[in-house]
Structures are given as C-alpha cells and as structure tokens.
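Computed from a predicted structure; not experimentally measured. Ligands are counted one by one from 1 in listed order, and the atoms in each one are counted from 1 as well.
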Amino acid sequence: MATAHKRAGRVSDIADFHVLQISNAARALAQQGHDVIRMEIGEPDFSTPKPVIAAAEAALRDTPLGYTCALGIPELREAISRFYATRFGVDVPASRVVVTSGSSAALLLVCAMLFCRDDEVLVSDPSYPCNRQFIRTMEARAVGVPVGPESHYQLTAELIEQHWNERTRAALLTTPSNPTGALIPQDALERMAAVVRARKGALIVDEIYQGLVYDGAASTALSVTDDAFVINSFSKYFNMTGWRLGWMVVPDGAQKDIEKLAQNLFICPPTLAQKAALACFETETLEILEYRKSQFRARRDLLVPALRELGFRIPVVPGGGFYIYADSSELATDSQAFCADMLARTHVAFTPGIDFGTYRAREHVRFAYAAPFHKLEEAVERIELALRTAVPC
Ligand SMILES: Cc1ncc(COP(=O)(O)O)c(C=O)c1O
C-alpha cells in the first residue's frame, strides 16, 4: 500500500538515475545465466589492495572502533597532507584536510555550508548527476552549461563569466570528468578560479579521478588556488568504493563550519575504513595502484580506436578516469533506446547520455572501461556484430 505521507518537493525534483534501469536489466540477464559485460558501472573492477585489507584486519583485532574526530583521525589527515606534498609538490596543511564518508559526503557538506534556497551553481552539461542532486537537496539550483568538444567538455572562464548572474554562488568542476574523462588544464583552472574569486563566489573542484590520469602527470587545483573546496576519494584510484571514504581540502577559515556540519550530519567517517586507508600511501600499495592504472590506460587505448572504428565519434581522447563519452548519432537517433537494444541483443551494458544532462544527451552514450581487457575486446566484437544487423533506433 502506498504511504499517505506528504513528500517534500525536493524529492520530486531529483531525477532518477537512468543507468539503474540498464543495471537492473543487466543483473537480471546475468541471473538468467547470460554472460553480461558490464560497462555501465562507474566502479573499478579491482579488489581493494592487500596491504589495505591487512591494515583493516589489524585494526579489527587491535583497536577499539569507536567514533573518531568528526574531521577524521589525525594520522590520516597528516598522511593525505604528505601525499599532496610528495605527489604534487603542494603544501596542504593537515588542518585543511577533512576526511568524509566518500566524496559524496564531502559534496553534501560543502553544499550544506554554501547554498540556500534558489541559489544557483554552474556545472557543465554533461556532468556527474549526483553532484547536481546534492545542490538540489539544499533547494539551490544546478545550472547546466552546455559544453562540447570545443572546450574539451569542460567549463571555461569565459563560460563562467557569461552564465554568472546575481543568484550564482559557485562553479562546480570535475577533472578528470565523469562522463567524458576530459581534464581541465592548470592555466584554465587558474583563470576560472580568478573569475569566481572576483565575483566572491566559491569554486568547488571534484578531483575524485585524479589518480587516474594517463597522458602526462596528474595535477591538483590546489597548485593554483588555496581558495577552492577540493574533493577527493578513496573510491576510484584506491579501489575502495564500498569502504565509503573520501576527503576534501577546504580553504582556511572553513574548517569550523564544516566540522559543525560533519559532527551533526555524520558524527564521523567510518573508523575501520580510516584505519585501513592509512595503508593507501605506503609504497607497496602505491605500486599496486600504479600497475592497475597502467591497465586502465591499456583499456582506454584499446577502446577509443575500436569504438571509432564501429562508428562512434570520440572527438576528444579522454585523458583520465575510466569513461569514454561517445557520440552515437551516426548509429542511432535515441541513445536511451540504443542502450536498451544493445543490452538485449549483445548483453553489453552501457549508459545513455540522459543520465549526465540534457545537452545532446540523446546523441551520446558512456562506456566505463572498468572490466578486464579481454571482456572489452569481446564487447567490441559483440557490438560490431549487432551493428551489422542493426535495426535503427
Ligand atoms: C565525479 C564523481 N564525483 C563523486 C562521486 C562519488 O564517489 P564516492 O562517494 O564513492 O567517493 C562519483 C562516483 O561515481 C563521481 O563519478
């Protein structure tokens, strides 16, 4: 029986995650015994590195797993601070590091701290859908700015200037991006930081795919500004999605408000995950992760030319993350129907563009290459076969 409770308006404003339809259908096919290749899911297929598991086992045996400080255990905040120094040569004091329950909690905390009803926040269209929903949960509005290959699917200083109005409070960037894998060059980031600062707005930079950059060295917005909220996570590069651990670096002066919100909303991030994550920065773990990164790179280098060969347009080679945002307009008129049709006929699951915004969404699909190399080769073969006998969508 349906409940009679009155629902808050914000719930109906939050869009469904369309990929779940594809995911549920993929799971159902797998349960029926079909060999389904899952390229719709934004989750590394690697297990948590062994040293991290060992640290968790030791913590389970040896330490009481009570609540921790709301901002995270000091050792982990220090380790993250040292990671910025050694990997990026940037000085980020541990006092600015806030450990959170996944980067999702970090994004929620920032939105709770900064936004009121009807405030506007600039985001790129396409972009990761949940970030828009965190904004909406605060009854503020994510304003999607259409971006395409000409700006490498990212906002620019000019676009921010053009779309900023008296209600705009912030710009939220993601680099490398989900769904496009596109990066923001440091000089562009610096210009955007200046434009936002001049308008007394906030810059939020989601760097959750930072560890997975394939061409050239990874970087951080913290090298060009200490005024931004920079979000990161143990989910992707560190292969710890289910541990629900992330972090953010906040500008000096924001710690007190973030701490107050974190105490009230979450008490603390998961204690076991925090103890385990201390092992993430050990040489042994980083070697495992760098090897896995090289496997992600090889998968990208397999898929980009193979998908182009099939008729997908990929104007910008994704520089990071594990996604390819492909223009499917030569192959189908409606990418949602195309994804459903391909899943039914090939048992390969990938995501329709409508999950990431509205701009040319029905002409795009997202492939996640979080599956073994041989499975990706097979996915390409299956799609090729199906396209040869295609019924246009
Ligand atoms: C761009 C982006 N930001 C944030 C998240 C949230 O990740 P988590 O809460 O696991 O850190 C995701 C997850 O896919 C993502 O793609």
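Atom CD of Glu287 is separated from atom CD of Glu282 by 11.5 Å, given to the nearest 0.5 angstrom.
Using a 4.0 Å cut-off between charged side-chain N and carboxylate O, Arg308 and Asp327 make no salt bridge. Electrostatic pairing of Arg132 and Asp125 does not count as a salt bridge here, judged by no charged N lying under 4.0 Å from a carboxylate O. Between Asp252 and Arg96 there is no salt bridge, since no side-chain N of the basic residue sits under 4.0 Å from a carboxylate O of the acidic one.
The contact shell of ligand 1, taken as protein residues with any non-hydrogen atom closer than 4.0 angstrom, comprises Gly102, Ser103, Ser104, Tyr128, Thr174, Asn178, Asp206, Ile208, Tyr209, Ser233, Ser235, Lys236, Arg244.
Follow the hydrophobic side-chain contacts under 4.5 Å out from Ile22 and you never reach Ile354; the two are in separate clusters.
Counting heavy-atom neighbours within 6.0 Å of Glu150 CD, excluding the residue itself, gives a total above 12.
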